[in-house]
Amino acid sequence: MLIEQENSVKININAFQHDLISWFKNEQRDLPWRKDQDPYKVWVSEIMLQQTRVDTVIPYFNRFIDWFPTIDDLADADEDKVLKAWEGLGYYSRVRNLQSAVKEVKEKYNGEVPNTPKEIAELKGVGPYTAGAILSIAYGIPEPAVDGNVMRVLSRILTIWEDIAKPSSRKIFEKAVRELISHEDPSSFNQALMELGALVCTPTSPSCLLCPVRDHCHAFFEGVQTELPIKTKKAKTRDVQLAAAIITDSTGKIVIHKRPANGLLANLWEFPTIELHHPIQNSREYAVNLFNQNHEFEIKLEQTIGQVDHVFSHLVWNMKVYTGTINAKFQETEEWKLVSFEEMKEYAFPVPYQKMFKLYQSL
DNA sequence: AAAGCGGGGCT
DNA sequence: AGCCCAGCTTT
């Protein structure tokens, strides 16, 4: 059976499905979320895998399922513990949205992950890719699950020259998947496209000589596989200057602060931090003043212990790190706490503050 | 359509 | 120093 794509590329669909799925069944990696088809576990794995490599996700997935084995366990958990389970994984709104959606499934769907495109796409944090992934992998429904791998693989096989950085391009690839997908085994088909992208059809120097669908690949036939996909570059990051301090009381406990519920690193914990908006502010005296302007209690900065730099996807933090002490006026609140070394392990800190604490401990 | 949102590994 | 990664939400 042959189909005619919009760009006049012909594919033998049955042979393509067979070659792709056979390869996947023989060569797929042994991954913890492939041990069963529990929709909850498939869901958790797909959220973790957003913009995150398989090797990074594996230990997080195992611990997360250990801590929250079922939808009920996650729905009933404290958010601080949920964030602790995600600590270091990044994009923390993923797990806050996941817990929110799990609560909705518990209440509205009696704890059963819905299996219709409309219902599942309405869940918080579930976009077009994740909806298709859960529907196909957990329920065997032939829906496209188009991620970066799939766009790269199909841009090569079908020589699609659309800019995959543009949001509108995803529809082109979803249309292609709808025409190509196996209705006998949508789960293997979708996973195989992604597995192929991860193991063979890689961004740079794809292993075409090992590719199970090389004979179907128009980019390989034309010798343009390294020119695809087309992807425009994104704007570069901006620098943010910060001063942050490890502040202790007379007993050696440390001041920590809960970040706001919205924006960067929402609801995670940090050491007292201020932004230095102007170069002129980039001095110790100024930092002291700014700390004490912005906080009820009085802080005394003792010494500068170094610098921590941290790169985010859209900005760079340059943090000057101080130590200091507080006076007796400090009072604990919901967002300002005094904790011991041991108690710190209970709170989720983003990586820049983990770097900062490591620097402090190395003194 | 563009920007915000983490962190690590590879080139 | 970029680029990429099993993307989604908000503006």
Side-chain angles (χ1 to χ4, degrees), chain A residues 24 28-29 31-34 42-61 83 86-98 100-101 120-138 144-153 163-171 173-174 177 187 189-199 201-206 226 229 231-238 240 259-268 309-317 348-355:
Chain A
F24 177 68
Q28 65 172 297
R29 290 167 290 181
L31 302 174
W33 46 89
R34 286 178 175 163
V42 172
W43 185 7
V44 169
S45 72
E46 291 302 339
I47 299 297
M48 283 191 173
L49 286 162
Q50 290 169 5
Q51 298 291 286
T52 312
R53 288 168 199 285
V54 164
D55 291 341
T56 303
V57 166
I58 290 172
Y60 281 92
F61 176 82
L83 283 172
W86 213 265
E87 182 186 48
L89 198 52
Y91 287 146
Y92 299 94
S93 66
R94 288 185 293 176
V95 76
R96 299 197 303 134
N97 289 336
L98 174 62
S100 167
I120 201 158
E122 283 174 356
L123 296 172
K124 207 169 293 182
V126 177
Y129 163 75
T130 306
I134 297 173
L135 288 166
S136 60
I137 296 171
V146 174
D147 70 338
N149 283 313
V150 172
M151 287 196 281
R152 182 174 60 257
V153 168
D163 179 2
I164 68 168
K166 288 177 13 182
S168 58
S169 296
R170 201 195 64 249
K171 290 186 171 60
F173 292 92
E174 286 178 346
V177 171
S187 170
F189 182 89
N190 278 344
Q191 291 188 77
L193 279 182
M194 295 188 273
E195 196 85 342
L196 189 69
L199 300 181
C201 196
T202 48
T204 59
S205 55
T226 57
K231 187 173 189 179
T232 54
K233 321 185 190 302
K234 50 183 177 180
K236 48 185 252 188
T237 59
R238 64 191 168 86
V240 175
R259 294 176 59 87
N262 295 305
L264 184 65
L265 306 169
N267 283 0
L268 275 77
D309 297 317
H310 188 78
V311 179
F312 295 90
S313 51
H314 58 304
L315 51 84
V316 178
W317 274 7
F349 288 87
V351 169
Y353 291 101
Q354 295 177 24
K355 291 180 184 172

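Naming: A, B, ... by sequence-line order, numbering from 1 per chain.
The phosphate of B:dG7 (OP1 or OP2) has a side-chain N or O of A:His310 nearer than 4.0 angstrom. Using a 4.0 Å cut-off, no side-chain N or O of A:His314 falls inside it from OP1 or OP2 of B:dA3.
Whole-Å rounding puts the A:Trp86 CH2 to B:dC5 C1' distance at 14 Å. In this structure, A:Ile58 places its CD1 atom 20 Å from P of B:dG7, rounding to the nearest Å. Here the P atom of nucleotide C:dC8 and the CD1 atom of A:Ile120 are 12 Å apart, to the nearest Å. The CZ-P distance, from A:Arg170 to C:dG7, rounds to 12 Å in whole Å. The nearest whole Å value for the distance from the CG atom in A:Asp309 to the C1' atom in B:dG8 is 16 Å. Going from atom OH of A:Tyr92 over to atom P of C:dG7 covers 17 Å, rounded to whole Å. Following rounding to the nearest Å, A:Leu265 (CG) and B:dC5 (P) show an atom-to-atom distance of 9 Å. Summarising the geometry, the separation between CD1 on A:Ile164 and C1' on C:dC3 is reported as 12 Å, rounded to the nearest angstrom.
Toward the 5′ end of DNA chain B lies the nearest nucleotide of A:Leu315, the other residue of the pair A:Thr56 and A:Leu315 mapping further downstream. Between A:Thr204 and A:Lys166, it is A:Lys166 whose nearest contact on DNA chain B lies nearer the 5' terminus.
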Can you name the atoms? Protein N/O to nucleotides 9-11 of chain C N/O, anything below 3.5 Å, with the distance.
from: C:dT9; atom 1: OP1; to: A:Gly125; atom 2: N; distance (Å): 2.6

Check nucleotides 4-6 of chain C against the protein and report each pair of N or O atoms closer than 3.5 Å, with its distance, or say if there are none.
from: C:dC4; atom 1: O2; to: A:Arg53; atom 2: NH2; distance (Å): 2.7
from: C:dC5; atom 1: OP1; to: A:Arg152; atom 2: NH1; distance (Å): 2.4
from: C:dC5; atom 1: O2; to: A:Gln51; atom 2: O; distance (Å): 3.4
from: C:dA6; atom 1: OP2; to: A:Asn149; atom 2: OD1; distance (Å): 3.0
from: C:dA6; atom 1: OP2; to: A:Asn149; atom 2: ND2; distance (Å): 3.1
from: C:dA6; atom 1: O5'; to: A:Asn149; atom 2: ND2; distance (Å): 3.1
from: C:dA6; atom 1: O4'; to: A:Asp147; atom 2: OD2; distance (Å): 2.4
from: C:dA6; atom 1: O3'; to: A:Leu49; atom 2: O; distance (Å): 3.4
from: C:dA6; atom 1: N9; to: A:Tyr129; atom 2: OH; distance (Å): 3.4
from: C:dA6; atom 1: N7; to: A:Glu46; atom 2: OE2; distance (Å): 3.4
from: C:dA6; atom 1: N6; to: A:Arg34; atom 2: NH2; distance (Å): 2.7

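Using a 4.5 Å cut-off on side-chain heavy atoms (C-beta onward), A:Val44 and A:Trp33 make no contact.
Nucleic acid contact class of A:Ile47 (heavy atoms, under 4.0 Å, all strands): none. Contacts of A:Pro229 with the nucleic acid, taken as non-hydrogen atoms under 4.0 Å apart, are absent. Among the atoms of the strands shown, none is found under 4.0 Å from any heavy atom of A:Ser45.
In terms of modelled atom types and a separation under 3.5 Å, the side chain of A:Arg152 and the main chain of A:Ile164 share no donor-acceptor contact. In this structure a side-chain-to-backbone donor-acceptor pair under 3.5 Å is present from A:Gln354 to A:Phe349. No donor-acceptor pair under 3.5 Å is formed between the side chain of A:Tyr91 and the backbone N or O of A:Met48.
One finds the CD atom of A:Gln191 at 4.5 Å from the CZ atom of A:Arg34 (value rounded to the nearest 0.5 Å).
Only the P atoms considered, C:dC3 is 16 Å distant from B:dA3, to the nearest whole Å. Atom P of C:dA6 sits at a distance of 24 Å from the matching atom of B:dG4, rounded to the whole Å. Comparing the same atom, P, in C:dT10 and in B:dG6 gives a spacing of 14 Å after rounding to whole Å.
Of all heavy-atom pairs between A:Ala101 and A:Lys124, the closest is CB-O, 3.6 Å. Pairing each heavy atom of A:Ser136 with each of A:Ser187, the nearest pair is O-CB, 3.3 Å. Heavy atoms only, all atoms of each residue included: A:Thr232 and A:Ala165 are closest at OG1-CB, 3.4 Å.
A:Tyr129 and A:Gln50 share no side-chain donor-acceptor pair at under 3.5 Å. For the residue pair A:Arg94/A:Thr52, the side-chain donor-acceptor check at 3.5 Å is satisfied.
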